[in-house]
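What you see below is based on every heavy atom in this structure, not just the backbone, and it leaves out hydrogens, waters and symmetry mates.
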Amino acid sequence: MDLKFSNSRKYISISVPSKTDTMSPHIKSADDIRVLGINLSQFQKPVQFFICVTGVFVFYLIYGYLQELIFSVEGFKPFGWYLTLVQFGFYSVFGLIELQLTQDKRRRIPAKTYMIIAVLTVGTMGLSNTSLGYLNYPTQVIFKCCKLIPVMIGGVFIQGKRYNAVDVTAALCMSAGLIWFTLADSTVAPNFNVTGVLLISLALCADAVIGNVQEKAMKLHNGSNSEMVLYSYSIGFVYILLGLAFTSGLTPAVAFCSKFPFQTYGYAFFFSLTGYFGISFVLALIKIFGALVAVTVTTGRKAMTIVLSFLFFAKPFTIQYIWSGLLVVLGIFLNVYSKNTDLIKLPRLYSILRRKGTEGKSRTFSQTV
């Protein structure tokens, strides 16, 4: 900060460096994005998209398998909140380790924002995990696959975004396709429960909001993925711990898991590890391509999870799976086509805005004395 005094005009001119000038040493630009130590900003957009999508699919497919495996342990279903507590604890440790490996360890996003994100994260993951104690996996996916439209609505109200007809059609196709895809499986064992429906519905609402809040916070303050994971999940860990302590749900969960340490804590470790790697790629997707693209990818991953479940577990097969799967693929194609069309139509406008954004490297505020 530079202070300049002038006796003739009697004012103080304060020059404040821009965001680019005050960045940390390891962040060379506002577009510098690191995932698990990999600097994605050195790659072109298509390569960044391929890396992020591959990471999301690989780690979250393993994540989904381990999630079902944990809840298959006899007697574990009532302890979904405790699993979320353990998961948040592991995420906090992983985030701290990754943050220590970076040069700049400062927190950039305000604590108040993290407290809000932590509430939404607890609602998304805690309610989702707990709902598996009342619903089967296909029924849960029926609800979770419908979050594309709430994310778009959240983008309009939270960030003032506007989506074209192609994006809306893509969201409708993917949601309808996944609902159609999972309905056939849910009819085999439609284990509906009012409590489970309420839990997954609340998780859906929180999940629809959190992507837009994370995107706005990371772009506004240029926060890193490891910072986002560390603070949001560590604060969420405290929230869940206090909630379990007040509801007397901590003691029975610890007693049960102590009887089956490998099936609970062992699975939970790898479950959390793959989830942590997956969320890192999701955050990168949100920061680079936006919340809608990130949710589109994760929704497609849910379809793949169901397909793989037929390979690992015996399930009846109907032709509805093929038609609904094609409908999901159509939704993904429409979304990618819409994004590519925007990039083709506005290259010059984008370059102009980039040049304008780099011109004024400092802002001056004058206060008369």
Are V238 and M125 connected into the same hydrophobic cluster when the rule is that any two of I, L, V, M, F, W, Y join if their side-chain heavy atoms are below 4.5 Å apart?
no
Heavy-atom donor-acceptor pair, Q263 side chain to V73 backbone, under 3.5 Å
no
Side chains of L204 and I200, heavy atoms from C-beta outward: is any pair under 4.5 Å?
no
Are any non-hydrogen side-chain atoms of L273 and F94 less than 4.5 angstrom apart?
yes
To check you understand the geometry: which heavy-atom pair defines the closest contact between A118 and G236, and what is its length?
CB-N, 3.7 Å
Among side-chain atoms of Y91 and Q87, is any donor-acceptor pair under 3.5 angstrom?
yes
Residue pair I279 / Y60, side-chain heavy-atom distance below 4.5 Å
yes
Report yes if some heavy atom in the side chain of Y114 is under 4.5 Å from a heavy atom in the side chain of M228; otherwise report no.
yes
Does F289 form a ring pair (Phe, Tyr, Trp, His ring centres under 6.0 Å) with F49? I'd like the steps, not just the answer.
CA-CA 8 Å; F289 300 100; F49 183 77; 5.4 Å; yes
Do Y233 and L96 sit in the same hydrophobic cluster, where Ile, Leu, Val, Met, Phe, Trp and Tyr count as joined when their side-chain heavy atoms come under 4.5 Å apart?
yes
Do the side chains of R301 and V53 get nearer than 4.5 Å, heavy atoms only?
no
Only residue of F270, F90, F59 satisfying ring pair (Phe, Tyr, Trp, His ring centres under 6.0 Å) with F277 is F59
I want to check something: taking the side chain as every heavy atom from C-beta on, are L83 and F71 in contact at a cut-off of under 4.5 Å?
yes
Test item: C257 and Y82 side chains (from C-beta on) under 4.5 Å apart, heavy atoms
yes
With a 4.5 Å limit on heavy-atom distance, are the side chains of F50 and Q44 in contact?
no
For the residue pair F76 and F256, does the interplanar ring angle fall in the parallel (under 30°), tilted (30 to 60°) or perpendicular (over 60°) class?
tilted
Co-membership, hydrophobic cluster, residues Y265 and L250, 4.5 Å side-chain
yes
Counting N and O atoms only, with roles assigned by atom type, does the side chain of S72 sit under 3.5 Å from a partner on the main chain of L69, one being a donor and the other an acceptor?
yes
Identify the two heavy atoms, one from A294 and one from L285, that lie closest to each other, and give their separation to 0.1 Å.
CB-CB, 4.0 Å
Polar side-chain atom of E227 near backbone of R107 as donor-acceptor pair, under 3.5 Å
no
Relative to the ring of F271, is the ring of Y63 parallel (under 30°), tilted (30 to 60°) or perpendicular (over 60°)?
parallel
Do L244 and F246 belong to the same hydrophobic cluster, where Ile, Leu, Val, Met, Phe, Trp and Tyr are linked whenever their side-chain heavy atoms lie under 4.5 Å apart, directly or via other members?
no
